[in-house]
Amino acid sequence: MQEPGRHGGVAMESSASADSPGVPQSDEALGLDLWVGFDGQRQHGRRVGVDPQAAQLRWSVEGDEKLIPLEQVRYVQLAEADAESRPLRPFWLRWRDGMELRGNGLVRSADHSGLRLDVDLGEGVEHWFAPCASIADLSFEPRSRAANLSARTTHPGGVQVLNSASGLHAYLDAFLSGHRPEYGASEIISVEQWREQVGPGEDTEQAIGYAGRFGLPLVNLLALPPEAAAVALISPQMARRQRALPLCLHGNLLVVAVADPTRSDALNSLDFMTNHRVLLVLAQARDLRAALARSYDRSEDLGIIQQLGLNRTQRLDEKESAREAERLSREQPVVRLVSEMLADAVSRRASDIHLRPQSDELSMLYRIDGLLVPVRRFDRALMPALIGRLKVIGGMNIAEHRIPQDGRCSFVIEDGRAVDLRLSIVPTIHGESLVVRLLDTQFGLRDLAGLGLDAATDRRLRELLSHAQGLFLVTGPTGSGKSTTLYAALLEVRQQAVNVLTVEDPVEYHIDGVQQVQVNRAAGLTFARALRNFLRHDPDVVMVGEIRDHETAEIAVESALTGHLVLSTLHTNSAATTITRLLDLELPPFLLQSTLLGIFAQRLARRNCPDCLVEEAVSESVREALQVQPQEQFYRGQGCAHCDGLGVRGRMVVGELLTITPQLRALITANASAQQIHDMALTQGMQSLTAHAVEQARAGRIALSEAYRLRVD
């Protein structure tokens, strides 16, 4: 790579101070070259400006103004008076196209848009702005690596446990000097004592395992409160994102407590963001989450409360409360806080955000891969502002606090992708509880191949969907992924030259080439009414979001009878009980015999994280219930950096596909027995949902305990 040096940037007059992040907003620039794009071209520019909201760089060439997206700008050379006095360190910079640069430098400041760097490539110190959008990796030496810690600092008794601030500083003195640390009697405890202090559990044993593997000390965060100077070096957003708590400064060493020392991306980020050498200590994951909340949540909340001018003791009447909530919902700190919350949830693959009011705080949890994960706790004084802001963007009545409300909107994240939001508010004794469902098409909308079905089930399912007429149902309880499978089926039939119409409540994913109708009960547009009109709209395939009542079920069956392929969902526990449920909706048995093609009953199973598999200890009762042999081995994820410590990463479909054969049609009578239908389907080759789940556990994809949780028979 040709080093850009002084020919690769734009020198700009800077009216900003050395400590202010981002690119100066001056329009006056010197006439040096700008390195634009990833093709190595350089273009001469005279006037330069930056539009941070549009993420564009503006410059003029002989009066002709042009725009460049920041993601295509390697760096901009800033005109600064003097370099900072801090020493430069060797660094390595790689852009997204793979081009690299090595030199000496330091990070002056950083924000979400980019980094301000002092760089010396051998011709003197230059001052750069490098947009985050174009950087793939940036690291400074010496890099923080847990494996670099010397074994000579390890306690002779094995894994070292630090139980006081003085013990921690003795350890740091020893690390810098290379001598064995000298401790007082109360400054270090045994691993067994540490286990008793923090409590048993998988995260406790994981921390002990990492300590033995890397020679890192364990700490009890209740006995080692972080120093304010160290906490101030890392922003709350960065600390939560990297799951790292700064404990103290010792010379140029910044001691950071983590639960997983293998996250090299986090270590490198902390290293150059703080301009300190980062030294790791290990904490239990639960204690770390609690300590992060103690260190950052309250202080951050108090700052926002002061900015908003809130009186925590003032009580307002109903009319004043509505006006105050409306004012707060428009305040910039509240808008930013809600936007960061939504963006963070999307980045962590959360399907839902829960805001739960309690007597003295507002708890926020994410549902990730089916598990509710505590994220942070807000001061209760912020509850009207946060709930009010979400009401506003969801189109709900901000003054109404007595009845449940539903809302919806779209949210655009940094990469330009739109995420649909479905909001639900329920009044509780402590205030309004809110749940936000995140519908991200990048993760939610899949084709049949993306469902993870076995080859035989996938083939039979495609055969059913190739029919020109009939009724195909996807069933399961709430949250079992029925809509995802139904959309996958819709993508399959869309490949044919057919007219596809859907009626949904709500329309979760927009699909090109499919005419989708949103239910509007206030206007009288129900599932049944839409279906009646669909039959005059020349459809080939009709999708009904859900069959809920006799009228909708009757029209759906009649549509299938008159030459249409009808896809829909139903809330039942198994494929066989779906038939008895349809009979309970007073559908004539002969209509079901003539129209029903097949039923797919499903659940969502949490996948094992492939990066932290360990052998699963299975109780005898579980083995007996699932009919597995005592010598069979099963695996589960124990939790690591790749899965947020959950042990699971992503979910997969397990289910049973019941295909209606002549023998099964004969059992669809007014007195049909679900058990008889199920037994007949098994004799004709159907794999039960429970058997499918156990098969996935044998393959190591899910834990056997997960198969036991999902069992149906």
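In this text the structure is predicted, and so the values were computed from the model without any measurement.
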Can you name the side chain to side chain donor-acceptor pair (under 3.5 Å) partners of [X], sequence neighbours left out?
{"X": "S363", "answer": "Q358"}
{"X": "Q516", "answer": "E504"}
{"X": "T595", "answer": "none"}
{"X": "E616", "answer": "S705"}

Excluding sequence neighbours, so at least two apart, what forms side-chain contact (heavy atoms from CB on, under 4.5 Å) with [X]?
{"X": "E615", "value": "Q633, Y635"}
{"X": "P610", "value": "R649"}
{"X": "T475", "value": "L473, L570, T572, T578, I599, A601"}
{"X": "A259", "value": "A285, L288"}

Summary of side chain to side chain donor-acceptor pair (under 3.5 Å) pairs that have at least one residue in residues 520-530, sequence neighbours excluded:
D505-R521

Restricting to pairs with a member in [range], which pass salt bridge (charged side-chain N to carboxylate O under 4.0 Å, His left out), not counting sequence neighbours?
{"range": "residues 682-698", "value": "E632-R698"}
{"range": "residues 699-709", "value": "R606-E706, E706-R709"}
{"range": "residues 456-472", "value": "D458-R462, R462-E492"}

